Engineer: 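What follows is a single structure, and I will ask about it in a moment.
Only a predicted model underlies this, so the values are computations on that prediction, with no experimental measurement involved. Quick note on labels: first sequence line is chain A, next is B, and so on, each numbered from 1.
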Amino acid sequence: MNARAKIDTAARRLFTERRPAWPLAIARILIGVTIFFWSVTMLLDVSALLGEDALLPPELASDRFRWITLDTSSEIRAALAALIVASLAIVAGWRPTIWLLVAFVLLVAVQRRNHLILNSGDIILRDLTLLLAFTPTGAAFSLDRYRRLGRDGLYRAGMVAPWGMRLVQLQVMVVYLFAFWSKGGDEWREGVAVSTALRLQDLQRIGQLDVLVDNIWIVAALTWGTLLVELMLGTLLWYKPLRPLLIVLGVLLHLSIDGLMLVGFFGLTMIAGLMTFLDADAIEQSMRARGRRQPADSSVESETAPEPDVESETASESESAAASA
Amino acid sequence: MDVADSNDDIDIHTRLLETSIGRGIVAVVIAVGSFWILAPNLPASAVRSEMEGWWGPAEDIGLVQDWAVFSPNPRSNSIDVRARIEYVDGTTEFWDVPEYDPGFGAYRQYRWHKFQERVRLNDREFYWPSFAAWVAAQHVRDGIEPESVTLIRRWIEHDPLTADGRISDSGWNEFEFHTWEAEQ
């Protein structure tokens, strides 16, 4: 096989070979939950942060394109109510592609009303919301699937092309890689940066834990450990043997940062992004086993959903196993 | 046949690959999307400067890349902005950002701290008059506006942890950076 044929084969496997949609469904649900809480928390501070009499008046809002100009408290509340509806539809899996696009437009419109209150979590939330709209997130564990296939459809995922998911994964890895790349300062090199970061009072969530800021060994382990995990997440997530370990390390990194620091929705959103790296075939097998333990839904069976025979099930599994290489 | 694989169960994203036009659209989306995700993160250079307009459309619609967190080092100052409100009768009050609980409230608190972090900067002085006026409006007493509102920048300096495990943090420093006065 020549080099071009090898590249063609690799590209086809990377972007087009179908695999179960479970990881996308899990990411969709987590992003929906995050948008829900983002909107609810924002709704509580509309008057002070976003309304016509807010601490940043409408004329000083971001001069970037805002999709929809929202200047009054009632307009913002309506947009946030729509975002809550969108988030519930995304979680439920009811026309998720459309609702993800709606959510993205509303997130940008609301966020650009007061750009002084945004952090990286707000930015990655809208980035992943948009990118997930380019993926078939409704092809597993969704209301759409339940309506079409009945309860049986909830235990089986559609086989989907992963081209859109690759953009989501690229975005997630880029966040880690460039977060690592930018940390070139002497405090990171010398292994003391975590001590400084955890002493910043305006970022403390539960106060200061002394052992995490003045024990040189623990601080060095946390500082260099953060760099190592970020580097590995930014470069090795597509290496299948290490993927489960890296997902666990990534989730632990975010949970620990989130537990100690005021980082908003960054951790939740990145965990949602990490879910797209889950092993689709392992989830498929687990869900099928679970589905077999459930009593059959006779009304659906008779119309659209015959139990798979041994031959077709084996074919399906071997296809997805090849796809996940 | 497996329900998951039946033909009418194929989603639109996957079905796009069944036609040459669809495959073309997917190729363009992947190429443009990858560029918009990767290129804005490149380190500063002449090449990057030349290309900067190429990801303008992505940033305009809201796909923004900026992942330099705690870099190159964590900042060395804790930051606070408070306001001193003075009334005609000589009494004084202070405004501080609201403090929420560390559970659910943490997901509201970070926005106020981000605001403090940005509004205090000298190159953001065009935000100061409206911010101070907003503080004044929050402190109208019996229909009477405060006489003045002074914005105060506060900070604690944190030295890096030393090899022998010593940390050194200053007390709060203060600097008054803007005063709003009621129209006479």
Engineer: Between B:D164 and chain A, with a heavy-atom cut-off of 4.5 Å, which part of the residue counts as in contact: side chain, backbone, both or neither?
Structural biologist: neither
Engineer: So, applying salt bridge (Lys or Arg N to Asp or Glu O under 4.0 Å) with B:E174, which one of B:R120, B:R153, B:R154 is it?
Structural biologist: B:R154
Engineer: Is it true that B:R75 and A:D202 have a side-chain N and a carboxylate O under 4.0 angstrom from each other?
Structural biologist: yes
Engineer: Quick one: do A:T135 and B:H13 satisfy side chain to side chain donor-acceptor pair (under 3.5 Å)? Show the steps, please.
Structural biologist: CA-CA 6 Å; A:T135 69; B:H13 304 77; 5.8 Å; no
Engineer: Give the member of B:D60, B:D80, B:V135 that has the highest number of heavy-atom pairs under 4.5 Å with chain A.
Structural biologist: B:D60
Engineer: Need one label for A:F180: side chain, backbone, both or neither, based on atoms under 4.5 Å from any heavy atom in chain B.
Structural biologist: neither
Engineer: Using every non-hydrogen atom in the two residues, find where A:K183 and A:E230 come nearest and quote the distance to one decimal.
Structural biologist: NZ-OE1, 3.0 Å
Engineer: For A:L203, is it the side chain, the backbone, both, or neither that has a heavy atom closer than 4.5 Å to a heavy atom of chain B?
Structural biologist: side chain
Engineer: Nearest 0.5 Å please: distance from the CG atom of A:L14 over to the CE atom of A:M165.
Structural biologist: 8.5 Å
Engineer: Using non-hydrogen atoms only, which part of A:F134 is less than 4.5 Å away from chain B: side chain, backbone, both, or neither?
Structural biologist: both
Engineer: So which of A:D45, A:V192, A:T16 has the biggest tally of heavy-atom pairs under 4.5 Å with chain B?
Structural biologist: A:D45
Engineer: Examine whether an atom of B:W172 lies under 4.5 Å from a heavy atom of chain A, and if so say whether it belongs to the side chain, the backbone or both; otherwise answer neither.
Structural biologist: side chain
Engineer: Tell me, for A:L167 versus chain B, whether the close heavy atoms (under 4.5 Å) come from the side chain, the backbone, both or neither.
Structural biologist: both
Engineer: Any idea which of A:V219, A:L56, A:D186, A:N114 has the most non-hydrogen atom pairs under 4.5 angstrom with chain B?
Structural biologist: A:D186
Engineer: A:L262, A:T41, A:I123, A:T129: which one forms the most heavy-atom pairs within less than 4.5 Å of chain B?
Structural biologist: A:T41
Engineer: I'd like to know which of B:D159, B:I12, B:V119, B:D66 tops the heavy-atom pair count under 4.5 Å against chain A.
Structural biologist: B:D159
Engineer: Which answer fits B:I61, side chain, backbone, both or neither, if we ask what part of it has an atom under 4.5 Å from a heavy atom of chain A?
Structural biologist: both
Engineer: In the structure I gave you, are the side-chain heavy atoms of B:Y87 and B:E147 within less than 4.5 Å of one another anywhere?
Structural biologist: no
Engineer: For the residue pair B:W95 and B:V81, what are the closest heavy atoms and their distance?
Structural biologist: CZ3-O, 4.0 Å
Engineer: Please classify the contact of A:W188 with chain B as side chain, backbone, both or neither, using a heavy-atom distance under 4.5 Å.
Structural biologist: both
Engineer: With only heavy atoms counted, which part of B:D101 is less than 4.5 Å from chain A, the side chain, the backbone, both or neither?
Structural biologist: neither
Engineer: Measure B:I79 against the heavy atoms of chain A and call it side chain, backbone, both or neither at under 4.5 Å.
Structural biologist: both
Engineer: Taking all non-hydrogen atoms of both residues into account, name the closest pair between B:W180 and B:A133 and its distance.
Structural biologist: NE1-CB, 3.8 Å
Engineer: Of the listed residues (A:D127, A:V108, A:I216, A:D214), which shares the most heavy-atom pairs with chain B below a 4.5 Å separation?
Structural biologist: A:D127
Engineer: For chain A, which candidate among B:Y110, B:Y100, B:W112 shows the most heavy-atom pairs at distances under 4.5 Å?
Structural biologist: B:Y110
Engineer: Is chain A contacted by the side chain of B:H113, its backbone, both, or neither, given a heavy-atom distance below 4.5 Å?
Structural biologist: side chain
Engineer: Given that the side chain runs from C-beta out, which part of B:A163 has a heavy atom under 4.5 Å from chain A: side chain, backbone, both or neither?
Structural biologist: backbone
Engineer: Which atoms of A:S195 are under 4.5 Å from chain B, going by heavy atoms: the side chain, the backbone, both sets, or neither?
Structural biologist: side chain
Engineer: Quick one: CZ on A:F265 to CE on A:M270, what's the gap to the nearest 0.5 Å?
Structural biologist: 16.0 Å
Engineer: Please state whether the side chain, the backbone, both or neither of A:L177 comes within less than 4.5 Å of a heavy atom of chain B.
Structural biologist: neither
Engineer: Can you name the closest pair of heavy atoms from A:F104 and A:R126 and give their distance?
Structural biologist: CD1-O, 3.2 Å
Engineer: Hey, are B:Q65 and A:Q171 close enough side-chain-wise for a donor-acceptor pair under 3.5 Å?
Structural biologist: yes
Engineer: Can you say whether A:W217 sits under 4.5 Å from chain B via the side chain, the backbone, both, or neither, judging by heavy atoms?
Structural biologist: neither
Engineer: Could you check which of A:G185, A:P136, A:A161 has the highest count of heavy-atom pairs closer than 4.5 Å to chain B?
Structural biologist: A:P136
Engineer: Looking just at side-chain N and O atoms, do A:E187 and A:T196 make a donor-acceptor pair shorter than 3.5 Å?
Structural biologist: yes
Engineer: Please classify the contact of A:M42 with chain B as side chain, backbone, both or neither, using a heavy-atom distance under 4.5 Å.
Structural biologist: both
Engineer: Hey, what's the ring geometry for B:F35 with B:W55, parallel, tilted or perpendicular (30° and 60° as the breaks)?
Structural biologist: tilted
Engineer: Does any backbone or side-chain atom of A:R112 lie under 4.5 Å from a heavy atom of chain B? Answer side chain, backbone, both or neither.
Structural biologist: side chain
Engineer: Looking at CZ of B:F115 and CD1 of A:I117, how far apart are the two atoms once the value is rounded to the nearest 0.5 Å?
Structural biologist: 9.5 Å
Engineer: Against chain A, label B:P98 side chain, backbone, both or neither, depending on which of its atoms sit under 4.5 Å from a heavy atom there.
Structural biologist: neither
Engineer: Let me know if B:N73 has heavy atoms under 4.5 Å from chain A in its side chain, its backbone, both or neither.
Structural biologist: both
Engineer: Can a salt bridge be assigned to the pair B:E18 and A:R18 using a cut-off of 4.0 Å between side-chain N and carboxylate O?
Structural biologist: yes
Engineer: Can you say whether A:A54 sits under 4.5 Å from chain B via the side chain, the backbone, both, or neither, judging by heavy atoms?
Structural biologist: backbone
Engineer: Between A:R148 and A:D144, does at least one N-O distance fall below 4.0 Å, as a salt bridge requires?
Structural biologist: no
Engineer: I need the residue from B:D11, B:L63, B:L161 with the largest number of non-hydrogen atom pairs under 4.5 Å to chain A.
Structural biologist: B:L161
Engineer: With only heavy atoms counted, which part of B:W134 is less than 4.5 Å from chain A, the side chain, the backbone, both or neither?
Structural biologist: side chain
Engineer: What closest approach, in Å, do B:W128 and B:L121 show between heavy atoms, and which atom pair accounts for it?
Structural biologist: CZ2-O, 3.2 Å
Engineer: Counting only heavy atoms closer than 4.5 Å, note whether A:A133 contacts chain B via side chain, backbone, both or neither.
Structural biologist: backbone
Engineer: Side chain, backbone, both or neither: which part of B:V29 has a non-hydrogen atom closer than 4.5 Å to chain A?
Structural biologist: both
Engineer: With a 4.5 Å cut-off on heavy-atom pairs, point out which of A:R205, A:Q201, A:E59, A:R64 contacts chain B the most.
Structural biologist: A:R205
Engineer: Which atoms of B:R118 are under 4.5 Å from chain A, going by heavy atoms: the side chain, the backbone, both sets, or neither?
Structural biologist: side chain
Engineer: By a 4.5 Å heavy-atom criterion (distance strictly below it), what part of A:L60 contacts chain B: side chain, backbone, both, or neither?
Structural biologist: both
Engineer: State whether B:D169 and A:R199 are salt-bridged, where the test is any N-O pair (Lys NZ or Arg NE/NH1/NH2 against Asp/Glu carboxylate O) under 4.0 Å.
Structural biologist: yes
Engineer: Measure distances from B:I37 to the heavy atoms of chain A and classify the residue's part below 4.5 Å as side chain, backbone, both or neither.
Structural biologist: both
